[in-house]
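All remarks here apply to the structure that follows.
Just so we're clear, the structure is a prediction, and the values are computed from it rather than from any experiment. Here, residue 1 is the first one in the sequence, and each next residue gets the next number.
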Amino acid sequence: LKGLLELPEEYEHAEKKERWKAILERLPALPVDKVEGRQIVKPAENYWHRSWHMPEMYPLYPYQEYGLGKDNLELMDNTFCYGISEEHRNDYRAWAQGVIHYARLGKTTEAKELTVKKLDDGPCRFPAFWPEDIDWTPDHNWGGCGMVGLQEMLMQTHDDNIRLLPAWPEEWDVDFKMHAPQQTTVKGKVRSGKIISFAREGIRTDYTTDTKEHEVLSGKPKGKEFCI
């Protein structure tokens, strides 16, 4: 709704926007709790079990209310590490989303481990025919969710910011071409954790200053990731 409200008037009528504003005003705050002195998000205000779907992590992904470089990411980190069981965090079957959340939190080691398991060959004649642990064979949610996780390890976008290698293992060399918001394409090569070539094309030219772009081109990390 926040994104829809930012649309120019030519795309949506003012009447619709007033209705959306009213909906936003009625939405309750995120339900929170404390575990071992750490604040976490609850899956609901009242609930009787915790699902492997991990709805308490949806503010991190797919809704992107939190993320690397945004405020209070610690809330989602605490939720993932202390509010969700290890079994659910590290489930790699089908469309279990732990790999995406690890990547979104910048946890490279865990994201790598789950990605390798999720994108491993299935048991059938065709390698991409994954088993029916949750749905049925072939369950392509293994590959679909795995590819999302892999891409989030390589590049993340928040608002108008692009982050490269936020959870990418140094030992994984890669040539990539990724699509970002605002009709932007990012291409590059990574060797031993360093970006050795880089190009960005699109309608946006104001993502960054020359200084930050030089940091990317020279392979100098800003924190754990490269910021464009």
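- Between Tyr102 and the options Thr108, Asn90, Thr109, a side-chain contact (heavy atoms from CB on, under 4.5 Å) holds for only Asn90.
- Shown here is Asp71, whose CG atom has no more than 12 heavy atoms of other residues, nucleotides or ligands within 6.0 Å.
- Counting only N and O atoms by type, the side chains of His13 and Arg19 include no donor and acceptor under 3.5 Å apart.
- The pair Lys117-Glu113 counts as a salt bridge, with a side-chain nitrogen and a carboxylate oxygen less than 4.0 angstrom apart.
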With a cut-off of 3.5 Å and sequence neighbours excluded, list every side-chain donor-acceptor pair involving residues 120-146.
| unit_1 | atom_1 | unit_2 | atom_2 | d |
| --- | --- | --- | --- | --- |
| Trp130 | NE1 | Asp120 | O | 2.6 |
| Glu132 | OE1 | Thr137 | OG1 | 2.7 |
| Asp135 | OD2 | Asn141 | ND2 | 3.3 |
| Thr137 | OG1 | Glu132 | N | 3.3 |
| Asp139 | OD1 | Asn141 | N | 3.0 |
| Asp139 | OD1 | Asn141 | ND2 | 2.9 |
| His140 | ND1 | Ala128 | O | 3.2 |
| Trp142 | NE1 | Pro131 | O | 3.4 |

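- Across all non-hydrogen atoms, the minimal contact from Leu4 to Lys17 is O-CE, 3.8 Å.
- Heavy atoms from other residues, nucleotides or ligands lying under 6.0 Å from CD of Glu12 number more than 12.
- Each of Met54, His53, Glu56 was compared with Pro43 under the side-chain contact (heavy atoms from CB on, under 4.5 Å) criterion, and only Glu56 meets it.
- At least one donor-acceptor pair under 3.5 Å links the side chain of Gln156 to the backbone N or O of Glu152.
- Not a single ring pair (Phe, Tyr, Trp, His ring centres under 6.0 Å) links Trp20 to another residue, sequence neighbours left out.
- Contact of the Val190 side chain with the Ile196 side chain is not registered, since no non-hydrogen atoms from C-beta on lie closer than 4.5 Å.
- By the 6.0 Å contact criterion, CD on Glu86 is open, its count of non-hydrogen atoms from other residues, nucleotides or ligands being 12 or less.
- For the residue pair Asp77/Tyr82, the side-chain donor-acceptor check at 3.5 Å is not satisfied.
- Interatomic distance, CG of Asp173 versus NZ of Lys189, reported as 11.0 Å (0.5 Å rounding).
- Side-chain contact between Pro169 and Met153 is present, with heavy atoms from C-beta onward closer than 4.5 Å.
- Note: Ile100 CD1 to Leu60 CG = 10.0 Å, rounded to the nearest 0.5 Å.
- Environment of CD in Glu9: crowded, with over 12 heavy atoms of neighbouring residues, nucleotides or ligands closer than 6.0 Å.
- Scanning all heavy atoms of the two residues, the minimum distance from Gln64 to Lys70 falls at O-NZ, 2.8 Å.
- Using a 4.0 Å cut-off between charged side-chain N and carboxylate O, Lys21 and Glu18 make a salt bridge.
- Lys187 places no side-chain N or O within 3.5 Å of a backbone atom of Glu201 that could act as its donor or acceptor partner.
- With a 6.0 Å radius and a threshold of 12 heavy atoms from other residues, nucleotides or ligands, Tyr92 has its OH atom at or below the threshold.
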